[in-house]
Amino acid sequence: MLHAVIMAGGSGTRFWPLSRQALPKQFLRLTSERSLIQQAWDRVAAWIPPDRICVVAGNSHRPLLTEHLPDLRSDRVYLEPMGRNTAPAIGLAALKVLEHDPDAVMLVMPADHVIDPEEAFEQAVLQAAEIVQNDPRQLVLFGIRPHYAATGYGYIETGAPLTGISQARRVQAFREKPDKATAEQYLQQGNFLWNAGIFVWRADRILSALRERRPQLAASLAELPASSEAADFTSRWSQLESISIDYAVLEHDPQVCVIPATFEWDDVGSWESLARRLPADERGNVVIQGACSLVNTNSSIVLAGDGHVVVTSGLEDCIIIHTADATLVAKRGDAESLRKVIEQLKAEGFDGIL
């Protein structure tokens, strides 16, 4: 049977100061009245029953999960004491899913993406599940046809068509986030897709691949206590190799294929990408929320929180995010610099606002 695994362990640092360790991006209402993790739940709940939907999340976020996902079963919540990247999280989920269903097929998807329409996503997942049912060796990915030369995404270079399968293609290679010139080259070549981080495979197959490619990690996962509340779970988890599923398995396995998505996808990974989804005024400014007065201001992104009024004058290409205890002012077009901001705040002892 098909099981959904919602990956909700991210910290969303590029949305600081709105996104915090205590309230990360996936629990924010950025694009609708429903939080991103609620939208992820809605995306599958109509065709996968609650006893086959699980969430992998940070240990400290259990109360948020209860608040945002009241239909999520408590025994389908798998908690990480700290982030160790996607390979350990997916391996843990696969082990747990197999306890309930030895023939489980896993849909693995992030909790903080926006996907439309939901019907197209469902059909794409069912097509991927059919591929896996017909050939249990297959590890199926979803790729997004790029519509601009993005430098913030990893790329999938596609190869030959998968025999007898409409649309699906072999993965020729995985490419790291490129520079602008390389991204433009990928766009022109036409056989590159953005890596959406959405996967479909048998639970026993991904565990077998982990045992083959990362035997120590697989063995350590298998030896974890049954409950994350066990006394030594945290210490054992902290010693796991921190590695993505891409590096651990997908870049090395010969049975990886990709389906070009028929649905619209956005990882909403930065203030810049969020602004692309919201209406702009005649000067190109996007007010995400709150009371703002923008004087002689162009192409800027503004959020006014906590009943505060944000007033700008003579600004261009800026990001201004005001919250109750922190305000960010930055230039547009440099989303990655926020990671450096977070690092500097930690170094300067401002942990309380992270």
Side-chain angles (χ1 to χ4, degrees), residues 10-40 42-43 64 67-68 110-118 144 147-153 194 263-342 344-345 350 352-354:
S11 57
T13 55
R14 287 180 291 175
F15 272 102
W16 185 87
L18 194 63
S19 175
R20 308 290 182 97
Q21 293 176 359
L23 186 68
K25 169 191 166 189
Q26 56 270 28
F27 296 102
L28 299 178
R29 294 171 174 85
L30 295 175
T31 62
S32 80
E33 292 302 312
R34 300 279 282 172
S35 66
L36 291 174
I37 195 170
Q38 288 174 326
Q39 292 179 53
D42 297 343
R43 200 168 295 135
L64 283 172
E67 174 189 345
H68 284 248
D112 56 356
H113 292 182
V114 172
I115 292 174
D116 292 303
E118 293 180 356
I144 310 300
H147 50 273
Y148 67 96
T151 58
Y153 301 140
W194 292 336
F263 48 83
E264 295 183 10
W265 169 91
D266 194 329
D267 74 336
V268 200
S270 66
W271 293 114
E272 194 74 44
S273 61
L274 176 60
R276 287 197 295 267
R277 302 191 63 84
L278 300 174
D281 67 16
E282 65 277 4
R283 289 178 171 265
N285 301 304
V286 175
V287 175
I288 297 172
Q289 67 179 47
C292 303
S293 178
L294 310 182
V295 180
N296 193 25
T297 295
N298 302 303
S299 301
S300 293
I301 303 169
V302 185
L303 181 148
D306 194 36
H308 197 84
V309 179
V310 170
V311 181
T312 68
S313 178
L315 297 185
E316 187 152 356
D317 294 327
C318 287
I319 299 173
I320 304 100
I321 309 298
H322 175 84
T323 66
D325 60 350
T327 300
L328 169 72
V329 180
K331 292 294 290 182
R332 289 186 70 166
D334 190 16
E336 292 303 316
S337 68
L338 265 181
R339 297 188 185 277
K340 297 177 182 178
V341 168
I342 300 300
Q344 183 164 327
L345 288 172
F350 288 106
I353 62 171
L354 297 178

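For Ala111, the side chain to side chain contact (heavy atoms under 4.5 Å, CB included) test picks out Ile6, Ala8, Gln26, Ile37, with sequence neighbours left out. For Phe27, the ring-ring contact (aromatic ring centres under 6.0 Å, His included) criterion is met by His61, His68, not counting sequence neighbours. In this structure, the side chain to side chain contact (heavy atoms under 4.5 Å, CB included) partners of Leu354, at least two apart in sequence or on a different chain, are Trp16, Gln21, Ile342, Leu345, Lys346. Partners of Pro17 according to the side chain to side chain contact (heavy atoms under 4.5 Å, CB included) rule, which considers only residues two or more places apart in sequence or in another chain, are Arg20, Ile321, Thr323, Ala326, Leu328. Taking Arg276 as the reference, Tyr148, Glu272, Ser273 meet the side chain to side chain contact (heavy atoms under 4.5 Å, CB included) condition, with sequence neighbours excluded. Scored by the salt bridge (charged side-chain N to carboxylate O under 4.0 Å, His left out) test, Asp266 finds Arg277 as partners (sequence neighbours excluded). In this view, Arg29 satisfies the salt bridge (charged side-chain N to carboxylate O under 4.0 Å, His left out) rule with no residue, not counting sequence neighbours. Applying the side-chain hydrogen bond (donor to acceptor under 3.5 Å, both in side chains) test to Gln38 and every residue at least two apart in sequence or in another chain returns Ser35. Residues that satisfy the side-chain hydrogen bond (donor to acceptor under 3.5 Å, both in side chains) test with Thr151, not counting sequence neighbours, are absent from this structure. Considering only residues two or more places apart in sequence or on other chains, Asp42 meets the side-chain hydrogen bond (donor to acceptor under 3.5 Å, both in side chains) condition with Arg34.
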Report task. Tell me, with the steps shown, if Asp116 and Trp265 meet side-chain contact (heavy atoms from CB on, under 4.5 Å). Result -> CA-CA 7 Å; Asp116 292 303; Trp265 169 91; over 6 Å; no

**Report entry** Verdict with supporting geometry, Lys25 and Thr13, side-chain contact (heavy atoms from CB on, under 4.5 Å)
**Finding:** CA-CA 8 Å; Lys25 169 191 166 189; Thr13 55; over 6 Å; no

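Among residue pairs with one or both ends in residues 300-327, those qualifying as ring pair (Phe, Tyr, Trp, His ring centres under 6.0 Å) are His308-His322; sequence neighbours excluded.
The main-chain N or O of Gly269 is found under 3.5 Å from a side-chain atom of Arg14 such that the two form a donor-acceptor pair.
Here the closest non-hydrogen pair linking Cys318 and Leu315 is SG-CB, 4.3 Å.
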For residues 280-293, which side-chain donor-acceptor pairs fall under 3.5 Å, sequence neighbours excluded?
from   : atom 1 : to     : atom 2 : distance (Å)
Asp281 : OD1    : Arg283 : N      : 2.8
Asp281 : OD1    : Gly284 : N      : 3.0
Asp281 : OD1    : Asn285 : N      : 2.8
Asp281 : OD2    : Asn285 : ND2    : 3.3
Arg283 : NH1    : Asn298 : OD1    : 2.8
Asn285 : OD1    : Ser299 : N      : 3.1
Asn285 : OD1    : Ser300 : N      : 2.9
Asn285 : ND2    : Thr297 : O      : 2.7

